[in-house]
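Contents: one structure, followed by commentary.
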Amino acid sequence: MGHDFSRGRTEREWLEHLYEGWRAGLDPAYAPEEDFGTFWRAGRIPLRGLREHHTLYAGFRADPEARPLATPSGRIELFSATIASYGYDDCPGHPAWLPPDSDPHPDPHSDSDPHSDSDPHSDSDSDPGPEAGSPYPFWLVANNPATRLRSQLDHGELSASSKVAGREPARLHPGDAATLGVRDGDVVRIRSAVGSCLAGVVVSDAVRPGVVQLATGAWWDPSAPEVATCVHGNPNAVTQDIGTSRLAQGCTGQLTRVALERHDGPLPPVRAHQ
């Protein structure tokens, strides 16, 4: 089995195989002259034909007729007749804002369009804060983390140094933290109609009121389901498992409605890295 997996090559032989395959596949005008041995001894090679400055679509901009784009019309298209022909109500043939359906308990009296101008005297720049009366008054934004690449090396020293009480940090606006009665270092239970997770509080005025920011990538830990769906702070526990549309099926796990409360009970250990 080991021989089948490695195809009889050592690690060094695999590096040489990949390098030479890459070199052979390049346009001769750009392929390195150095073989693998030369490259390995030098530690680096110059790339031939390297352009210091590159303007995207420069040829098309200079002569659209002679250098068309790879679109049906050869031009920049804001509307796709092909996509429109599918008739998908969740993916029209042109860029559009569609009302989110991530609130499991929408208010039938509210206008779901954030661009609506129902109150011309309202201050559009004011901070709305949590939505009063909603069972899930906060918007959770699950961005990519700064201390790792998605979930890679979550057990590493840099990622571990950012944890709060061993959990992924959840950032809250100071006003929201005061309303919830939580401080830096507390642990909160974040819950939605889908599930729940534990996270450590970081109070920051860089977060908009009514928003909780919880990065993706904390390794999944469902070891204490009586406390939370994930005790380590993975936002997948509270987001919907749906695609962006019937056409694209991209990830929509970056945004959802949640509620927060301080966790005062015993903290279950995080076992994700064991």
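Reckoned from all heavy atoms, side chains included, excluding hydrogens, waters and symmetry mates. Each residue takes its place number in the sequence, starting with 1.
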Item to check | Where R208 and D176 come nearest, the two heavy atoms and their spacing | outcome: O-OD2, 4.4 Å

Next on the checklist: Rounded to the nearest 0.5 Å, what separates atom CD1 in I76 from atom CZ in F60?
Outcome noted: 5.0 Å

Next on the checklist: Rounded to the nearest 0.5 Å, what separates atom OG1 in T229 from atom CH2 in W220?
Outcome noted: 6.0 Å

Checklist outcome for this item: One should read off an interatomic distance between F138 CZ and R257 CZ, to the nearest 0.5 angstrom, of 10.5 Å

Which donor-acceptor pairs under 3.5 Å do the side chains of residues 25-33 make with protein atoms, sequence neighbours left out?
| unit_1 | atom_1 | unit_2 | atom_2 | d |
| --- | --- | --- | --- | --- |
| D27 | OD1 | A29 | N | 2.8 |

Item to check | C197 vs N234, side-chain contact (heavy atoms from CB on, under 4.5 Å): CA-CA, chis, key distance, verdict | outcome: CA-CA 7 Å; C197 66; N234 188 311; 5.9 Å; no

Checklist entry - For Y57, does the OH atom sit with more than 12 other heavy atoms under 6.0 Å from it, leaving out its own atoms? => result no

Checklist entry - Rounded to the nearest 0.5 Å, how far does CG of L260 lie from OG of S192? => result 11.0 Å

Item to check | Non-neighbouring partners of T71 that pass side chain to side chain donor-acceptor pair (under 3.5 Å), sequence neighbours left out | outcome: none

Next on the checklist: If the condition is salt bridge (charged side-chain N to carboxylate O under 4.0 Å, His left out), which residues does R150 pass it with, not counting sequence neighbours?
Outcome noted: none

Checklist entry - Is there a donor-acceptor contact under 3.5 Å from the side chain of T244 to the main chain of G250? => result yes

Item to check | Heavy-atom pair with the smallest gap, counting every atom of P268 and A224 | outcome: CB-CB, 3.7 Å

Checklist entry - At their closest point, which heavy atom of N144 faces which heavy atom of T216, and how far apart are they? => result OD1-OG1, 3.7 Å

Checklist entry - How are the rings of Y88 and Y86 set to each other: parallel, tilted or perpendicular (split at 30° and 60°)? => result tilted

Throw together a table of side-chain donor-acceptor distances under 3.5 angstrom for residues 179-186, partners on residues two or more places apart or in other chains.
| unit_1 | atom_1 | unit_2 | atom_2 | d |
| --- | --- | --- | --- | --- |
| T179 | OG1 | G175 | O | 3.0 |
| D184 | OD1 | V203 | N | 2.6 |
| D186 | OD2 | R183 | N | 2.9 |

Checklist entry - What pairs of residues pass the side chain to side chain donor-acceptor pair (under 3.5 Å) test when at least one of them lies in residues 17-26, not counting sequence neighbours? => result R9-H17, E20-R23

Item to check | Sidechain-backbone polar pair: W14 side chain, S6 backbone, donor-acceptor under 3.5 Å | outcome: yes

Checklist entry - What pairs meet the side chain to side chain donor-acceptor pair (under 3.5 Å) rule with one or both residues in residues 263-274, with sequence neighbours excluded? => result D154-H273, R262-D264

Item to check | Shortest non-hydrogen separation from A165 to L267 and the atoms involved | outcome: CB-CD1, 4.5 Å

Item to check | Minimum heavy-atom distance A228-V231, with the two atoms named | outcome: O-CG1, 4.3 Å

Checklist entry - Given D90 and R246, is the side-chain contact (heavy atoms from CB on, under 4.5 Å) satisfied, shown in steps? => result CA-CA 7 Å; D90 62 351; R246 282 181 286 174; 3.7 Å; yes

Next on the checklist: Let me confirm one number: the SG-CG distance from C91 to D89, rounded to the nearest 0.5 Å.
Outcome noted: 10.0 Å

Checklist entry - Would V258 end up clustered with I242 when hydrophobic side chains under 4.5 Å apart are linked, directly or stepwise? => result no

Item to check | Counterpart residues, side chain to side chain donor-acceptor pair (under 3.5 Å), relative to E16 (two or more places apart) | outcome: none

Next on the checklist: Tell me whether L140 shares a hydrophobic cluster with Y136, the cluster being built from Ile, Leu, Val, Met, Phe, Trp, Tyr side chains joined at under 4.5 Å.
Outcome noted: no

Next on the checklist: Tell me which pairs pass salt bridge (Lys or Arg N to Asp or Glu O under 4.0 Å) where either residue lies in residues 214-235, with sequence neighbours left out.
Outcome noted: none

Item to check | Contacts of type side chain to side chain donor-acceptor pair (under 3.5 Å), residue R67, not counting sequence neighbours | outcome: none

Item to check | E11: salt bridge (charged side-chain N to carboxylate O under 4.0 Å, His left out) partners, not counting sequence neighbours | outcome: none

Item to check | CA sep, side-chain torsions, deciding dist, call: L158, L153, side-chain contact (heavy atoms from CB on, under 4.5 Å) | outcome: CA-CA 9 Å; L158 180 60; L153 295 178; over 6 Å; no

Checklist entry - So, does H232 use its side chain to make a donor-acceptor pair with the main chain of V270 at under 3.5 Å? => result no

Next on the checklist: To the nearest 0.5 Å, what is the distance between CD on E168 and CD on Q213?
Outcome noted: 8.5 Å

Item to check | Contacts of type side chain to side chain donor-acceptor pair (under 3.5 Å), residue H53, not counting sequence neighbours | outcome: none

Next on the checklist: Checking R189 now: which residues fulfil salt bridge (charged side-chain N to carboxylate O under 4.0 Å, His left out) with it, not counting sequence neighbours?
Outcome noted: E261

Next on the checklist: Using only atom types and a distance under 3.5 Å, with no angle test, would you say the side chain of S80 pairs donor to acceptor with the backbone of I83?
Outcome noted: yes

Next on the checklist: For a side-chain contact (heavy atoms from CB on, under 4.5 Å) check, start with the C-alpha distance between V202 and L172, then their side-chain angles and the critical distance, and finish with the verdict.
Outcome noted: CA-CA 6 Å; V202 173; L172 290 170; over 6 Å; no

Checklist outcome for this item: In short, G195 meets V238 closest at the heavy-atom pair O-CG1, 3.4 Å

